[in-house]
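Both ligands and their constituent atoms are indexed starting at 1 by order of listing. Counting begins at 1 with the first residue of the sequence.
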Amino acid sequence: MKLADNKATLSFSNGSPSVDLPVYHGSIGPDVIDIRKLYAQTGMFTYDPGFLSTASCQSSITYIDGDKGELLYRGYPIEQIASQCDYLDTCYLLLKGDLPDATQRADFHKLVINHTMVNEQLQFFLRGFRRDAHPMAVLTGLVGAMSAFYHDSTDINNPQHRDISAIRLIAKMPTLVAMAYKYGIGQPYMYPRNDLSYSGNFLRMMFGVPCEDYKVNPVLERALDRIFILHADHEQNASTSTVRLCGSSGTNPFAAIAAGVACLWGPAHGGANEACLNMLEDIQKMGGVAKVGEFMNQVKDKNSGVKLMGFGHRVYKNYDPRAKLMQETCNEVLAELGLEKDPLFALAKQLEKIALEDDYFVQRKLYPNVDFYSGIVQRAIGIPVNLFTGIFALARTVGWIAQLNEMISDPEYKIGRPRQLFTGSPRRDVPTMAKA
Ligand code: SDX
């Protein structure tokens, strides 16, 4: 970051001495006011619950222009990445800062594909769960449990450990997600195969059975790969900030990623795709498109507590570029599967049309986000609704790792420890307790 000529001067109406605060430029996007010395100079904290105006770090991985609806991975527009790269190219880019050349690409693909098996003991770990456990509960446990199996790569401050744990996590997440799914439906696990692509392997581990060969559908393979790309990283979102804060204590990478999985589960974040599909199904049951108006009135009624899931975003105040690409993928998959008339897809498009013309949404700059169409695509592929967020976690693992590694490699990083505005009781003494 570069010190700006400009500086911020904080003055107080009560005559307290004003304070000059340095301003820094990034390469693109808003400047920052450096408040690191504010408490020492003023005895005051800033106050920003939800961090609406707070930059928690400097990063060179992903950039979002919320007003333009632009998303860049290491400077490359998501639209170009999604159409010209595959997910493992995207992993290489996010982890190393540049796209691989042909040799680097072949080596990286081979390295990841050859690490897709998990320790056999993990299947006994799964047996502790009820068969109807939510897959995100299982995944949170399995990812955390990885730190019990890979003792040779748990030192976050060791670059070699960071490299191998990154490969292990990226390679094994599809296997773990598929195992959580198979466990829930009582089917045997399918071992990964080294002759399949990353996405093709996942499809086979999910939908293959030992009794017959599984033929990967190239359209679904490409669609899944694109879903992974679109979810790979997204600046300092809630789960990424969780991973950074968790990792800042020096804990092992598996524990930090498990914390990210747990945070992503929430319906306001990664759980929105599951919540959005459930919302569409509920409206369908109510009467479908004919009932959209009634549903939208509920959404606009503050007391209803009803939100249009898959809409709105803290940063995007324009169309989430991922939602556009997801809608395209939706069209491709539904056409491939002869589901063009999927009523939920028609319902989603009608909801989007009405929302984008409605003042409530226009005024609040609420547009479809990545979760609005992703559920429809995944459902068409055959992925159960309660596994949607597990797919999101699988794809976001590389972003979490890249951000964690960036933090650990930053000489300025220290353990995260926010302060507070205390509003509780001042010091008081425990009353003498009357003897019973
Ligand atoms: C993801 O951060 C990331 O980058 C996340 C993510 C990633 O890749 O990591 O992009 C993935 O989490 C996408 C978001 C998925 N969540 C949802 O789709 C859930 C529905 N969306 C909302 O919960 C909400 O839009 C958030 C949580 C996404 C953003 O909330 P903010 O930024 O805190 O905004 P807000 O709640 O203050 O909303 C501003 C106004 C409020 O109305 P007023 O109080 O001003 O009258 O907009 C309203 C909100 O009530 N509003 C909605 C709405 N989202 C916001 N009203 C109806 N439906 C919605 N979905």
Side-chain angles (χ1 to χ4, degrees), residues 48-56 59 61-67 69-73 78 81-82 90 94 136 227-244 260-280 283 292 295-326 348 351-352 354-356 358-376 388-389 391-400 402-403:
D48 187 15
F51 312 117
L52 284 96
S53 300
T54 294
S56 60
S59 178
I61 301 172
T62 298
Y63 178 73
I64 303 170
D65 183 322
D67 294 329
E70 183 179 55
L71 170 59
L72 307 177
Y73 284 171
I78 188 70
I81 297 280
T90 309
L94 292 170
M136 286 302 280
I227 289 171
F228 293 160
I229 290 172
L230 297 180
H231 287 87
D233 193 50
H234 213 237
E235 284 192 1
Q236 307 310 317
N237 58 84
S239 52
T240 297
S241 300
T242 300
V243 170
R244 278 180 172 256
V261 175
C263 174
L264 188 74
W265 191 0
H269 189 16
N273 50 22
E274 178 178 352
C276 182
L277 210 286
N278 290 335
M279 171 192 77
L280 291 171
I283 300 172
V292 166
F295 176 77
M296 292 304 248
N297 289 335
Q298 280 182 9
V299 169
K300 293 186 278 189
D301 168 10
K302 282 275 171 255
N303 305 320
S304 72
V306 173
K307 284 194 183 274
L308 181 56
M309 300 313 280
F311 254 72
H313 200 275
R314 172 64 55 77
V315 179
Y316 289 120
K317 300 310 170 191
N318 199 326
Y319 213 105
D320 183 334
R322 302 170 298 174
K324 279 201 188 96
L325 292 162
M326 198 66 84
L351 265 172
E352 175 191 338
I354 291 176
L356 295 184
D358 187 301
D359 224 22
Y360 174 94
F361 290 85
V362 173
Q363 266 173 18
R364 292 169 177 79
K365 298 186 177 178
L366 301 175
Y367 292 86
N369 59 50
V370 68
D371 294 307
F372 192 61
Y373 289 104
S374 71
I376 299 168
F388 290 175
T389 311
I391 305 284
F392 194 153
L394 184 170
R396 183 55 57 88
T397 293
V398 65
W400 289 330
Q403 299 271 351

Worksheet item: Based purely on interatomic distance, does His313 place a nitrogen or oxygen under 3.5 Å from a nitrogen or oxygen of ligand 1?
Response: yes
Discussion item. List ligand 1 atoms under 4.0 Å from His234, heavy atoms only on the residue side.
Written reply: 3 (C), 4 (O), 6 (C), 7 (C), 8 (O), 9 (O), 10 (O)
Worksheet item: For atom 29 (C) of ligand 1, what is the nearest protein heavy atom, given as residue, atom name and distance?
Response: Arg314 N, 3.8 Å
Worksheet item: What do you reckon, are the aromatic ring centroids of Phe372 and Phe311 less than 6.0 Å apart?
Response: yes
Worksheet entry | Cationic tip of Arg364 above Phe361 ring, under 6.0 Å, 45° of axis | no
Worksheet entry | Any protein heavy atom nearer than 4.0 Å to atom 43 (P) of ligand 1 | yes
Worksheet item: Any side-chain donor paired with an acceptor under 3.5 Å for Tyr319 and Glu352?
Response: yes
Discussion item. Suppose we measure from atom 19 (C) of ligand 1 to each protein heavy atom; which comes out shortest, and what is that distance?
Written reply: Met309 CE, 3.5 Å
Worksheet item: Asn237 heavy atoms, cut-off 4.0 Å: which ligand 1 atoms fall inside?
Response: 2 (O), 3 (C), 4 (O), 5 (C), 9 (O)
Worksheet item: Does the N or O separation between Ala268 and ligand 1 drop below 3.5 Å for any pair?
Response: yes
Worksheet, complete the sentence: Here the atoms of ligand 1 under 4.0 Å from any heavy atom belonging to Val299 are 57 (C)
Discussion item. Between Thr54 and Asp48, do the side chains contain a donor N or O and an acceptor N or O under 3.5 Å apart?
Written reply: yes
Fill in: Protein contact for atom 1 (C) of ligand 1 (heavy atom, distance under 4.0 Å)
yes
Worksheet item: Counting each atom of ligand 1 from 1 as listed, which ones have a heavy atom of Arg364 under 4.0 Å away?
Response: 40 (C), 42 (O), 43 (P), 45 (O), 46 (O), 47 (O), 48 (C)
Item to complete: Identify the heavy atoms of Tyr73 and Ala232 that sit nearest to each other, and give their distance.
Response: OH-N, 3.4 Å
Fill in: Check against side chain to side chain contact (heavy atoms under 4.5 Å, CB included), Tyr316 and Ile64
CA-CA 8 Å; Tyr316 289 120; Ile64 303 170; 3.3 Å; yes
Discussion item. When you compare the side chains of Gln236 and Gln403, does any donor N or O come within less than 3.5 Å of an acceptor on the partner?
Written reply: yes
Worksheet item: Of all the atoms in ligand 1, which lie at a distance below 4.0 Å from a heavy atom belonging to Ala272?
Response: 15 (C), 16 (N), 17 (C), 18 (O)
Practice prompt. Name the closest protein heavy atom to atom 12 (O) of ligand 1, giving the residue it belongs to and the distance to 0.1 Å.
Written response: His269 ND1, 3.0 Å
Worksheet item: Can you tell me the protein heavy atom closest to atom 15 (C) of ligand 1 and the distance?
Response: Asp371 OD2, 3.2 Å
Worksheet item: Please state which protein non-hydrogen atom is closest to atom 53 (C) of ligand 1 and give its distance, to 0.1 Å?
Response: Leu366 CD1, 4.0 Å
Worksheet item: So do Phe228 and Leu394 actually touch side chain to side chain, heavy atoms under 4.5 Å?
Response: yes
Worksheet entry | Short N or O distance, Gly310 and ligand 1, threshold 3.5 Å exclusive | yes
Worksheet entry | For ligand 1, the portion of Arg396 having any non-hydrogen atom under 4.0 Å away | side chain
Worksheet item: What residue and heavy atom of the protein are closest to atom 14 (C) of ligand 1, and at what distance?
Response: Asn369 ND2, 3.6 Å
Discussion item. If we count only non-hydrogen protein atoms and require a distance under 4.0 Å, does atom 10 (O) of ligand 1 qualify as touching the protein?
Written reply: yes
Fill in: Residue, atom name and distance, where the atom is the protein heavy atom closest to atom 28 (C) of ligand 1
Gly312 O, 3.7 Å
Worksheet item: Any N or O of Lys317 that comes nearer than 3.5 Å to an N or O of ligand 1?
Response: no
Worksheet item: Which heavy atom of the protein is the closest neighbour of atom 49 (C) of ligand 1, given with residue, atom name and distance?
Response: Lys307 NZ, 3.8 Å
Discussion item. If we only consider heavy atoms of Glu235, is any one of them less than 4.0 Å away from an atom in ligand 1?
Written reply: no
Discussion item. Show the nearest heavy-atom pair for residues Asn318 and Gly69, with the distance to one decimal.
Written reply: CB-N, 3.9 Å
Worksheet item: Has Arg322 got any heavy atom lying under 4.0 angstrom from an atom of ligand 1?
Response: yes
Discussion item. Show the nearest heavy-atom pair for residues Asp233 and Gly399, with the distance to one decimal.
Written reply: OD1-CA, 3.3 Å
Discussion item. So, regarding Leu308 and ligand 1 (criterion: nitrogen or oxygen to nitrogen or oxygen, under 3.5 Å), is there a contact or not?
Written reply: yes
Item to complete: Please report the shortest heavy-atom distance between Leu356 and Val362, naming the atom on each side.
Response: O-CG2, 3.4 Å
Item to complete: Output yes when a protein non-hydrogen atom is found under 4.0 Å of atom 35 (P) of ligand 1, and no otherwise.
Response: no
Item to complete: Tell me, please: is Lys302 in heavy-atom contact with ligand 1, that is, under 4.0 Å?
Response: yes
Practice prompt. Look at Lys300 together with Asp358 and state whether they make a salt bridge at an N to O cut-off of under 4.0 Å.
Written response: yes
Worksheet item: How long is the gap from SG on Cys263 to NE2 on His269, to the nearest 0.5 Å?
Response: 5.0 Å
Worksheet item: Among Val306, Leu366, Leu351, which residue meets the side-chain contact (heavy atoms from CB on, under 4.5 Å) test with Val299?
Response: Val306
Practice prompt. Determine the minimum heavy-atom distance between Asn273 and Phe388, stating which atoms define it.
Written response: OD1-CB, 3.4 Å
Worksheet item: Is there at least one protein heavy-atom neighbour under 4.0 Å from atom 38 (O) of ligand 1?
Response: no
Worksheet entry | Exercise: do Thr62 and His234 side chains pair donor with acceptor under 3.5 Å | no
Worksheet item: Can you find an N or O of Phe311 that's nearer than 3.5 Å to an N or O of ligand 1?
Response: yes
Worksheet item: Which bit of Tyr360 is near ligand 1, meaning a heavy atom under 4.0 Å away: side chain, backbone, both or neither?
Response: side chain
